[in-house]
Each structure stands twice: as C-alpha cells, then as structure tokens.
Engineer: 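Pasting in a structure now, in structure tokens, and then I'll have a few things to ask.
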Amino acid sequence: MTTHSAELIVDSSKIISNISHLKSLISSDSKFMFIVKSNAYGHSLKEIIKNLESYVDAFGVVRMEEAILVRKTTSKPILLMQGIYTEHEINIARENNIQVAIHKMSQFKFIGKDDNELGLWVKVNTGMNRLGLSHEELKEAYENGIISSDSVLMTHMACADNPDDPMNEMQINKFEKAFDIVERKTKRSICNSACLMNFPHLSFDWVRSGIAAYGGESKNLNLKTAMTFRAPIISIRKIRKGERVGYGGRKKASKDMRIAIVYAGYADGIPQTTIDGTKVLVNDKQAVIFGRVSMDLVSIDITNLPQVSENDLVSFWCEELPINEFSNNNGLISYELMTRISNRVKVKVI
Ligand SMILES: *Cc1c(COP(=O)(O)O)cnc(C)c1O
C-alpha cells in the first residue's frame with residue numbers, strides 16, 4: 001500500500017442534517033425514502049445504511065445486489081425501483097422482503113396476489129417517456145386486480161429542477177388522472193429531491209430523495225456537501241513566465257509562478273475535462289486548477305499561497321467548497337462527480 005492517496009471522507013452527520021432539513025419542508029405524514037443506488041451515490045453503501053437507518057423510513061436502490069446488501073444491514077423497507085426481470089429475481093425479492101416497482105406490463109407476470117403485502121410500487125409514465133405504464137395499461141392492470149390500497153402509484157418528474165417548465169404541470173395533471181384510474185385507492189409517490197424542494201406540497205405518502213440528502217442540490221444553501229474529496233500535494237515547483245504546464249501545455253504562466261502537484265487525477269474521479277480556474281481549497285484557502293488533469297495528478301496555482309507546502313491537503317469539494325461549485329463550473333452535475341469516484345480512492349465514513 002502506498003501511503004499517499006486521494007481520499008474521500010464521508011460525514012454522515014451532514015447527511016443526517018440535510019435529511020432533517022428536507023423533512024422540515026414536507027408534510028409530516030409523508031415518509032422519507034432515502035435513495036442509496038450506485039453505492040449511495042458514491043458515499044459507501046454499507047456504512048451509510050448503518051449510520052442513517054434510524055433517520056429514514058425506507059431505502060431505494062435499482063439493482064438486486066444493492067438491495068441484498070442493504071437487507072443484510074437493515075430491517076427497514078427496501079424498494080427495488082427498477083423492478084425485476086426474471087422469476088428468479090422475484091423469488092430473491094420475496095426471500096429478502098424487498099419491495100419491487102413495476103414499470104412495464106410484462107413484469108406483472110412475476111407478481112402474485114401475495115406480493116402486494118410487500119407493497120407493490122407501480123410506475124406510470126407521465127411524460128418523461130423513460131419508464132412507466134401508460135394510462136391505458138394502468139387501467140388494464142387495475143382491472144386485473146393486482147393493484148390494491150397497499151400499492152404505491154409512482155412517477156418521476158423530468159423537469160422539477162426548473163419550476164417554470166410547463167412539463168411539471170403536465171406531469172402533475174397526468175399523475176392525478178392516473179390516481180383517478182386506480183379510484184384514488186393507492187398510496188402515491190412523485191417527489192425526487194428537486195420535486196421535494198420546488199413542489200413540497202406534492203410529498204404525498206412517500207418522497208424519494210437522493211442528491212439533496214447528500215448535499216448535491218445546488219439551489220438550497222441549507223444543504224451541506226457530505227463528501228470531502230481531497231488529496232495531498234506531492235511536489236511543489238517554481239516556473240518562469242512563459243513556461244507551460246502539463247499535457248498539451250494547456251496552461252502557460254503569465255508571470256513567474258509557484259505550482260503544486262496534487263496526487264489525484266482522472267483515475268481517481270476528477271474529470272479529465274476539468275477546466276483551468278476550477279476552484280480547490282488548500283488549508284482552507286482558495287487556489288485554482290492550472291493545466292490539464294492527468295491520470296494520477298493535477299496541478300494547481302499556489303503563487304499567492306506562500307505558506308503551502310508538500311503534504312498539505314487539497315480539497316476538490318467539501319462542505320466549505322460545495323460540490324456544485326465544481327460541477328456547475330465544468331458543465332457537469334453533482335450526481336456524476338459523486339458516482340465517478342474510483343475505487344482506488346481511500347474512503348472513510350464518519
Ligand atoms: C434516483 C431516483 C430518485 C432520486 O433522485 P434524486 O434526484 O437523487 O433525489 C428518485 N426516484 C427514482 C425512481 C430514482 O431512480
């Protein structure tokens with residue numbers, strides 16, 4: 001093992017505080033499903049489940065392996081949000097008490113009467129046109145008697161991050177119509193994080209929140225980035241005016257400068273496309289990325305930070321430098337930054 005490495009510190013108390021803030025926005029009758037797909041958005045699934053289970057009502061995942069891992073750690077309800085595809089999978093779901101979501105008619109053939117006790121979730125397409133039943137299909141399924149008052153009617157919003165988009169109202173209306181089709185008997189779930197924040201009155205029976213709980217939702221200043229992604233400086237050098245740095249010599253010194261080479265690159269999860277000028281923090285002071293990100297290294301400008309020395313830690317995002325700062329400046333989304341951190345990065349969950 002090398003001693004130097006990029007590292008990820010995940011602070012569960014920040015997620016707990018984000019969730020408590022999110023809960024304060026919605027009806028106290030609404031239950032909170034914490035979405036932990038994709039390794040808890042890169043935050044370490046197992047530890048996150050352990051640390052968060054008493055603060056949420058259920059966990060949502062998309063893959064069976066994740067569902068099973070979550071089941072080994074908690075007895076809370078688990079929803080497999082993208083359903084099941086074989087008889088074998090529904091059997092595993094039954095054995096492990098995992099709730100499943102149905103998003104297309106052919107999946108109903110795996111579902112027996114008793115599976116409703118697990119709480120069957122039925123997804124309707126209200127305009128995102130990705131997954132979900134049409135109104136006609138929903139009607140057919142309802143008439144077949146598979147959907148009951150234990151079921152949860154769900155949909156997913158495409159544009160909830162922009163409250164002015166007319167798509168929102170259209171989807172909300174279509175969801176209302178779907179609820180009529182099931183004679184307003186089922187439970188309802190429509191909100192992801194953006195919907196929860198912009199349309200909190202739609203929290204209904206369940207909200208399904210991921211990104212906001214991790215602090216990656218940009219519009220709310222009460223939410224804290226729960227990850228600190230950082231790496232040590234392994235070398236410092238002075239360069240002369242006119243010298244160029246890194247692959248492609250992309251950045252040229254406009255004056256004599258001092259640059260630091262940081263031990264993290266795109267193989268750790270810093271996008272190769274990161275632009276010059278992207279902010280980082282060194283000892284709580286701001287510096288900027290200077291030159292192209294390579295596989296294992298990235299260079300930053302520390303000309304104005306004479307006290308910075310080797311082994312000092314450089315944070316790419318953390319509570320004080322929100323992850324959205326990095327993603328917005330680079331035309332990316334926080335979800336992608338969180339989930340692309342590679343497994344050679346040392347992770348510590350506190
Ligand atoms: C990922 C996911 C969510 C959570 O979305 P966020 O934007 O992270 O809150 C909610 N519902 C479904 C079906 C999802 O796949």
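Predicted, not measured: the structure shown is a model, and the values here were computed from it. Counting convention: from 1, in listed order, for ligands and their atoms alike.
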Engineer: Same cluster or not: are V10 and L281 linked, directly or through other Ile, Leu, Val, Met, Phe, Trp or Tyr residues, by side-chain heavy atoms under 4.5 angstrom apart?
Structural biologist: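 They do not share one cluster, since no chain of ILVMFWY contacts under 4.5 Å joins V10 to L281.
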Engineer: Write 'none' if nothing qualifies; otherwise put on separate lines each N/O atom of ligand 1 with a protein N/O atom under 3.5 Å away and their distance to 0.1 Å.
Structural biologist:
residue, atom, partner, partner atom, Å
ligand 1, 7 (O), Y335, OH, 2.6
ligand 1, 8 (O), Y41, OH, 2.5
ligand 1, 8 (O), I211, N, 2.8
ligand 1, 9 (O), S193, N, 2.8
ligand 1, 9 (O), S193, OG, 2.5
ligand 1, 9 (O), G210, N, 2.9
ligand 1, 11 (N), R208, NE, 2.9
ligand 1, 11 (N), R208, NH2, 3.4
ligand 1, 15 (O), K37, NZ, 2.7

Engineer: Check the side chains of S193 and E217 for a donor-acceptor pair under 3.5 angstrom, ignoring hydrogens and angles.
Structural biologist: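 Their side chains do not contain a donor-acceptor pair, so the 3.5 Å distance test is not met.
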Engineer: Do F34 and Y214 make the cut of ring centroids closer than 6.0 angstrom?
Structural biologist: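 Yes, they do, as the ring centres are separated by less than 6.0 Å.
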Engineer: Can you check whether I102 reaches F110 side chain to side chain, under 4.5 Å on heavy atoms?
Structural biologist: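 The answer is no; the side chains never approach within 4.5 Å.
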Engineer: Return yes if a side-chain donor-acceptor contact under 3.5 Å exists between R130 and H103, otherwise no.
Structural biologist: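 No, H103 and R130 have no side-chain donor paired with an acceptor closer than 3.5 Å.
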Engineer: Does some side-chain heavy atom of T339 sit less than 4.5 Å from a side-chain heavy atom of N39?
Structural biologist: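 Not in contact.
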